Amino acid sequence: MRYIEVSCETSETGIELLTAALDAAGISDTEVSDPRDVEEIMDKKESYEWDYIEESVVHKMEEAPRVSSYFPEGEEGRKQADTMKEVLQRVADDVKAGMYGPDVDLGSMKITEQIRDDADWKDKWKAYFKPFHVSEHLVVCPSWENYEPQEGEKIITIDPGMAFGTGTHETTSMCLALLEKYLQEGTKVLDAGTGSGILSIAAALLGAGEVLGVDVDLDAVRVAQENISVNHCEKTARAEYGDLTKGVDYEADLIVGNLMAELICMLAEGIAAHLHENGVFIASGILTEKEDMVEKAVTEAGLSLVEKQEKGEWSAMVFQKES
Ligand code: SAH
């Protein structure tokens, strides 16, 4: 569907004045982009509410605040778009005339109009997701691409939908390479936080005897199960709703968790309880600065560190349960 986007660059004071005036004119569905929101999120880093922030979001801090709205392309939408532009212009004129007091600064008040197509937003990323080698034998292939496997290659076909896990992220690609290194034929695998199901599928293709992928996001569970079927792994692998290892009645020879450092620490006790003797735990999604914290929690739970890998700011760690 196509939309008319009307957007206005303003100041922090302008956000309130403009949204109030638009609201009064019946345009209440406005989108506000305020760099102060990003600042607020940045301030929360130490409270562990998030671990990673996209660079594009950080750049937003350098941009001016903006008020935008979208109207369906067509006669009615055209009218509303024109009304929005008139309201914005009227507020700008009123401010200039001093109607809001002497010191009100609305910023540049640059008004733009563009046609947007939501198909562009939904599928744009697909153009950049191409088949790629993620480890010696594993190739990840988007479900909409064709790839002719070479000898010895195993293909993971993925449509992540809204779930995390295309394999392109450092945290996932390290897990895939470590699975290839540590997984032994016929073993039982638990994939804690399966997302798109990519690690469960890889485990099945690498010869696991049984794989259980759990996730707290029901959409991810559905996507993972679909991807498991597309890869013909349903005899070995399945995806289910599950909160880490809580209430999960399953003992494994290998557990893989591409989560966040804090979640891995919370998971440590559960891992130890769900892992067979000499079993392996592959932990990923750890910012390098949080390695020590994870090592401490997991070793205290009775596992020992075997290997550590780093890619960019991310770290993956392999532990083994002592016998
Ligand atoms: N395994 C995939 C996805 C990792 S993203 C990959 O490596 O690419 C982490 C996933 O963990 C998300 O899908 C998220 O929904 C899930 N998750 C977060 N907290 C969880 C919890 N407490 N129990 C189970 N899954 C969880």
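Throughout, numbering of the chain's residues begins at 1 and tracks the sequence. Both counts, for ligands and for their atoms, begin at 1 and track the order of listing. Source: prediction; values computed, not measured.
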**Message:** Pairs of nitrogen or oxygen atoms closer than 3.5 Å, one from Asp215 and one from ligand 1: do any exist?
**Reply:** yes

**Message:** At less than 4.0 angstrom from any non-hydrogen atom of Asp243, what atoms of ligand 1 do you find?
**Reply:** 21 (C), 22 (N), 23 (N)

**Fill in**
Ranked by distance from atom 19 (N) of ligand 1, the top protein heavy atom is Leu263 CD1, 3.5 Å

**Atom CD of Gln184: over 12 foreign heavy atoms under 6.0 Å** = no

**Fill in**
The residue among Glu31, Glu5, Glu73 that forms salt bridge (Lys or Arg N to Asp or Glu O under 4.0 Å) with Arg116 is Glu5

**Complete:** Between Lys311 and Ser173, the two heavy atoms sitting closest are NZ-OG, 2.9 Å

**Request:** Identify the protein heavy atom lying closest to atom 17 (N) of ligand 1, giving its residue, its atom name and the separation to 0.1 Å.
**Result:** Val216 CG2, 3.8 Å

**Request:** Would you check the N or O atoms of Leu199, main chain and side chain alike, for any that come under 3.5 Å of an N or O of ligand 1?
**Result:** no

**Asked** In ligand 1, which numbered atoms sit nearer than 4.0 Å to a non-hydrogen atom of Gly242?
**Response** 23 (N), 24 (C)

**Prompt:** Under a 4.0 Å heavy-atom limit, does Val256 contact ligand 1 with its side chain, its backbone, both, or neither?
**Reply:** neither

**Request:** Answer yes or no: does atom CE of Met99 have more than 12 heavy-atom neighbours from other residues, nucleotides or ligands under 6.0 Å?
**Result:** no

**Message:** Assess whether a salt bridge exists between Lys290 and Glu262, defined as any Lys/Arg side-chain N lying under 4.0 Å from an Asp/Glu carboxylate O.
**Reply:** yes

**Asked** Should you measure from each heavy atom of Leu244, which atoms of ligand 1 turn up under 4.0 Å away?
**Response** 21 (C), 22 (N), 23 (N), 24 (C)

**Request:** Please state which part of Asn258 comes within less than 4.0 Å of ligand 1, counting heavy atoms only: side chain, backbone, both or neither.
**Result:** both

**Prompt:** Salt bridge between Lys181 and Glu307, side-chain N to carboxylate O under 4.0 Å?
**Reply:** yes

**Prompt:** Are there more than 12 heavy atoms of other residues, nucleotides or ligands under 6.0 Å from atom CG of Asn278?
**Reply:** yes

**Request:** Between Thr171 and ligand 1, find which residue part has any heavy-atom pair under 4.0 Å and reply side chain, backbone, both or neither.
**Result:** neither

**Message:** Return the closest protein heavy atom for atom 11 (O) of ligand 1 as residue, atom name and distance.
**Reply:** Gly193 CA, 3.2 Å

**Atoms in ligand 1 with a heavy atom of Thr172 nearer than 4.0 Å** = 6 (C), 7 (O), 8 (O)

**Asked** So Thr168 and Thr172, side-chain contact (heavy atoms from CB on, under 4.5 Å) or not? Walk me through it.
**Response** CA-CA 7 Å; Thr168 49; Thr172 313; over 6 Å; no

**Prompt:** Do the side chains of Ile228 and Val211 get nearer than 4.5 Å, heavy atoms only?
**Reply:** no

**Asked** Relative to the heavy atoms of Asp217, which atoms of ligand 1 are at a distance of less than 4.0 Å?
**Response** 15 (O)

**Message:** Quick test: of every protein heavy atom, which one is nearest to atom 2 (C) of ligand 1, and how far off is it to 0.1 Å?
**Reply:** Thr194 O, 3.4 Å

**Asked** In the protein, which heavy atom is nearest to atom 5 (S) of ligand 1, and how far is it?
**Response** Phe164 CD2, 3.4 Å

**Message:** The criterion is side-chain contact (heavy atoms from CB on, under 4.5 Å); which residues satisfy it with Val95, sequence neighbours excluded?
**Reply:** Leu17, Val91, Tyr100, Val104, Leu106

